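Below, chains carry the letters A, B, ... as their sequence lines are ordered, and counting in each starts from 1. The structure presented is a predicted model; accordingly, all values stated were derived computationally and were not measured.
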Number of protein chains: 2
Amino acid sequence: MEDYLKAIYELSSVQPRVSTSQVAEWMKCTPASVTNMLQKLSGLKLVDYTPYQGVELTQAGTKIALSVLRHHRLIELYLEEVLGYSWDQVHEEADQLEHVISEEFEARIDRALGHPKKDPHGAPIPAKDGTLPEERLTNLWDAVQKVELTIARVEDKDSEALRYLAAMGLLPGVRLSIIKKAPFSGPVHVRVGAEEHTLSETLARKIHVTESV
Amino acid sequence: MEDYLKAIYELSSVQPRVSTSQVAEWMKCTPASVTNMLQKLSGLKLVDYTPYQGVELTQAGTKIALSVLRHHRLIELYLEEVLGYSWDQVHEEADQLEHVISEEFEARIDRALGHPKKDPHGAPIPAKDGTLPEERLTNLWDAVQKVELTIARVEDKDSEALRYLAAMGLLPGVRLSIIKKAPFSGPVHVRVGAEEHTLSETLARKIHVTESV
DNA sequence: ATTCGAATTTAGCCTCGGCTTATTTTCACT
DNA sequence: AGTGAAAATAAGCCGAGGCTAAATTCGAAT
């Protein structure tokens with residue numbers, strides 16, 4: 001259930017209303033399973049669901065989703081900072097722990113980390129009160145050819161990809177520029193410091209950037 | 001399931017073979033539920049179960065029980081040492097986390113703690129290879145009137161009791177002596193440093209001691 | 001040796017939080 | 001208005017438990 005709420009929350013960042021099949025794809029299950037769960041969540045008033053019209057979180061649902069997300073991101077950061085995990089290892093462990101830790105635990109790791117604002121992948125950590133500064137980011141694929149871009153955030157689901165990106169030095173906070181993008185979905189060439197790298201569309205879409213200040 | 005194995009393990013320290021009703025009482029459920037579970041565990045070869053004759057862990061079952069126990073105790077210690085929990089708070093949190101953490105996590109907190117041998121309540125932490133030094137302890141209630149006793153271990157289930165004991169300074173490692181024990185299940189009077197305290201049977205039975213060296 | 005009561009098991013059924021396939025419905029676009 | 005895709009139902013399964021009520025078995029005392 002918490003995973004469904006999280007999924008709906010994350011998908012909502014693009015369009016406010018999320019379709020059954022989007023959730024199904026995200027959760028890697030069949031649309032029928034999703035419909036089923038949406039009905040349950042709707043009964044619990046965690047979700048505003050109209051058949052055939054997609055779904056949206058209610059306030060209660062948003063609250064839970066944000067709290068799970070907060071857990072997840074705090075745990076990720078804690079695992080990296082304190083326990084020395086590499087950034088591609090943290091996601092899976094956090095996915096388990098996020099549902100289990102108490103508020104006490106959350107508060108304590110938050111304090112131990114000095115009330116951090118970002119997780120290891122650059123994702124903002126929701127505050128306890130449900131505040132979450134939503135930055136409007138472009139992904140590297142859709143970014144126009146700018147002189148200077150800064151990596152703000154990297155999607156954390158795919159640890160393979162994370163390892164690969166880390167090896168190239170493509171971490172949050174790093175500056176880069178697009179050298180050129182080949183036409184017809186060709187790869188994108190970027191310069192990072194002195195090095196140049198070629199990124200596929202899939203990979204480039206996982207990287208979210210802002211214009212450098 | 002893991003909780004059942006843990007329960008059987010802990011009950012086995014007294015008698016090798018554990019009865020259905022003992023497990024039921026420990027797990028706070030009905031004997032029928034236990035029988036049910038024992039049959040499942042028996043099917044999984046985790047338990048050696050003969051109807052009406054009680055139950056015993058197999059090697060595989062012991063291995064799981066010890067691993068869960070190791071998780072539990074490492075987590076308890078970590079929560080206390082690193083995150084600043086008080087010793088009466090750690091048990092509940094550990095009960096949740098113990099089933100969820102990865103071997104990676106276990107290894108990392110074990111290292112962070114310097115491969116500790118005891119948890120905050122004085123219970124030995126099983127080694128990764130399943131080794132567990134079993135000390136033969138007496139509980140304070142049954143202890144003979146000795147000049148000097150040392151608290152080796154305190155039962156961790158009841159956080160009320162733990163708070164009370166901590167307030168009196170009755171912690172593992174502390175030396176004490178029995179002043180007198182009133183007859184007919186009367187309370188036991190102990191001296192701890194300069195102070196004297198009176199302990200009920202229930203409480204005294206939660207405290208395990210060794211003769212001081 | 002038989003009986004009797006307590007411990008235990010069996011039978012039957014429930015819950016939660018999921019999952020699936022196969023079929024039907026609905027929506028939106030041509 | 002018709003059609004194809006998306007979504008919803010229907011029906012059923014799973015694991016990992018839980019319960020009560022009734023039957024059984026064990027062992028201890030007579």
Side-chain angles (χ1 to χ4, degrees), chain A residues 1-9 11-12 14-58 60-61 64-65 67-68 71 92 95-100, chain B residues 1-9 11-12 14-58 60-61 64-65 67-68 71 95-101:
Chain A
M1 268 179 45
E2 289 185 344
D3 282 332
Y4 273 93
L5 295 173
K6 221 177 43 162
I8 296 166
Y9 182 88
L11 290 165
S12 296
V14 193
Q15 313 114 20
R17 210 140 183 117
V18 179
S19 77
T20 301
S21 43
Q22 285 175 309
V23 178
E25 198 189 347
W26 188 275
M27 295 289 293
K28 282 165 187 170
C29 66
T30 60
S33 308
V34 175
T35 300
N36 208 279
M37 179 83 314
L38 293 185
Q39 287 164 346
K40 278 182 198 171
L41 291 173
S42 184
L44 294 168
K45 307 275 186 201
L46 296 175
V47 123
D48 172 14
Y49 169 59
T50 318
Y52 299 103
Q53 306 303 317
V55 71
E56 210 171 334
L57 294 175
T58 61
I64 295 178
S67 126
V68 176
H71 286 181
E92 286 180 24
D95 257 351
Q96 294 298 119
L97 291 171
E98 65 187 8
H99 307 295
V100 156
Chain B
M1 268 179 44
E2 289 185 342
D3 282 333
Y4 273 94
L5 294 174
K6 222 178 41 162
I8 296 166
Y9 183 88
L11 290 166
S12 296
V14 193
Q15 312 115 17
R17 210 140 183 116
V18 179
S19 76
T20 301
S21 45
Q22 284 175 310
V23 178
E25 196 190 349
W26 188 277
M27 296 290 293
K28 282 166 187 169
C29 66
T30 60
S33 305
V34 175
T35 301
N36 208 277
M37 179 82 311
L38 293 185
Q39 286 164 348
K40 280 181 196 170
L41 291 174
S42 183
L44 294 168
K45 307 274 184 200
L46 297 175
V47 123
D48 172 14
Y49 168 60
T50 318
Y52 299 102
Q53 306 303 317
V55 71
E56 208 171 335
L57 294 177
T58 61
I64 295 179
S67 127
V68 175
H71 287 182
D95 257 350
Q96 294 298 119
L97 290 171
E98 65 187 9
H99 306 296
V100 156
I101 67 170

K.L.:
Between A:Gln53 and C:dT26, is there a side-chain N or O to OP1/OP2 distance below 4.0 Å?
P.N.:
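Checking C:dT26 against A:Gln53, no side-chain N or O comes under 4.0 Å of OP1 or OP2.
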
K.L.:
Take atom CG of A:Leu38 and atom P of C:dG18, then tell me their distance rounded to the nearest Å.
P.N.:
12 Å

K.L.:
Using the side-chain heavy atoms of A:Thr20, tell me which of these nucleotides is nearest: C:dT8, C:dC19, D:dA8.
P.N.:
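Among C:dT8, C:dC19, D:dA8, the one nearest the side chain of A:Thr20 is D:dA8.
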
K.L.:
Ignoring the backbone of B:Cys29, work out which of D:dG18, D:dA10, D:dG17 is nearest its side chain.
P.N.:
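The listed nucleotide nearest to B:Cys29's side chain is D:dG18.
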
K.L.:
From CD of B:Gln39 over to P of C:dT8, roughly how many Å is that when rounded to an integer?
P.N.:
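In whole Å, C:dT8 P lies 14 Å from B:Gln39 CD.
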
K.L.:
Say whether, by atom type as modelled, one donor and one acceptor occur between the side chain of B:Ser21 and the main chain of B:Ala24 under 3.5 angstrom.
P.N.:
no

K.L.:
Measuring from B:Thr35:OG1 to B:Lys40:NZ, what's the distance to the nearest 0.5 Å?
P.N.:
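Between B:Thr35 OG1 and B:Lys40 NZ, I get 12.5 Å after rounding to 0.5 Å.
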
K.L.:
Does B:Tyr49 make a side-chain N or O approach to OP1 or OP2 of C:dT9 shorter than 4.0 Å?
P.N.:
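B:Tyr49 to C:dT9 OP1/OP2: side-chain N or O found under 4.0 Å.
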
K.L.:
Scan residues 1-8 of chain B against DNA chain D and write down, sorted by residue number, each residue with any heavy atom closer than 4.0 Å; if none is found, say none.
P.N.:
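The stretch gives B:Met1, B:Tyr4 as the residues lying under 4.0 Å from the strand, ordered by number.
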
K.L.:
By nearest nucleotide on DNA chain C, pick out whichever of A:Lys28 and B:Ala32 is the more 5' one.
P.N.:
B:Ala32

K.L.:
Take the protein atom CE of A:Met37 and the nucleotide atom C1' of C:dC16, then report the distance between them rounded to whole Å.
P.N.:
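Whole-Å distance recorded here is 10 Å.
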
K.L.:
How long is the straight-line distance from NZ of A:Lys6 back to NE2 of A:His71, given to the nearest 0.5 Å?
P.N.:
12.0 Å

K.L.:
Hey, is the main chain of A:Pro31 close enough, under 3.5 Å, to the side chain of A:Thr20 for a donor-acceptor pair?
P.N.:
no

K.L.:
Between A:Val34 and B:Asn36, which has a closest nucleotide on DNA chain C that is more 5'?
P.N.:
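Result of the comparison: B:Asn36.
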
K.L.:
Looking only at the side chain of A:Thr35 (C-beta and beyond, no hydrogens), which of the listed nucleotides D:dA8, C:dA11, C:dT8 gets closest?
P.N.:
D:dA8

K.L.:
Go through the N and O atoms of the side chain of A:Tyr52 and the base of C:dT25, and report whether any donor-acceptor pair is under 3.5 Å.
P.N.:
yes

K.L.:
C:dG17 P sits how many Å from A:Ile64 CD1, rounded?
P.N.:
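Roughly 12 Å, once rounded to whole Å.
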
K.L.:
Going from CD on B:Gln39 to CG on B:Leu44, what distance comes out if it is rounded to the nearest 0.5 angstrom?
P.N.:
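CG of B:Leu44 is found 12.5 Å from CD of B:Gln39.
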
K.L.:
Which is true for B:Ser21 with a 4.0 Å heavy-atom rule: it touches a base, it touches only sugar-phosphate, or it touches nothing?
P.N.:
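B:Ser21: backbone/sugar contact only, no base atoms under 4.0 Å.
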
K.L.:
Hey, could you give me the CG/CG distance between A:Leu5 and A:Leu46, rounded to the nearest 0.5 Å?
P.N.:
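If we round to the nearest 0.5 Å, A:Leu5:CG and A:Leu46:CG are 5.5 Å apart.
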
K.L.:
Using a heavy-atom cut-off of under 4.0 Å over every strand shown, decide if A:Ser33 touches base, sugar-phosphate, or nothing.
P.N.:
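Counting heavy atoms under 4.0 Å across all strands, the contact made by A:Ser33 includes a base.
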
K.L.:
Looking for any heavy atom pair under 4.0 Å, which part of the strands does A:Pro31 touch: base, sugar-phosphate only, or nothing?
P.N.:
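No contact.
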
K.L.:
Would you find a donor on one side and an acceptor on the other, under 3.5 Å apart, between the side chain of B:Ser42 and the backbone of B:Asp48?
P.N.:
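No; zero donor-acceptor contacts below 3.5 Å.
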
K.L.:
OP1 or OP2 of C:dC19 sitting under 4.0 Å from any side-chain N/O of A:Thr30?
P.N.:
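A:Thr30 to C:dC19 OP1/OP2: no side-chain N or O under 4.0 Å.
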
K.L.:
Atom CD of B:Gln22 and atom P of C:dA6: how far apart are they, to the nearest Å?
P.N.:
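Checked: the CD to P distance equals 18 Å.
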
K.L.:
Starting at CZ of A:Arg17 and ending at P of C:dC27, how long is that distance when rounded to a whole Å?
P.N.:
14 Å

K.L.:
To the nearest 0.5 Å, what is the distance between OH on A:Tyr4 and SG on A:Cys29?
P.N.:
3.5 Å

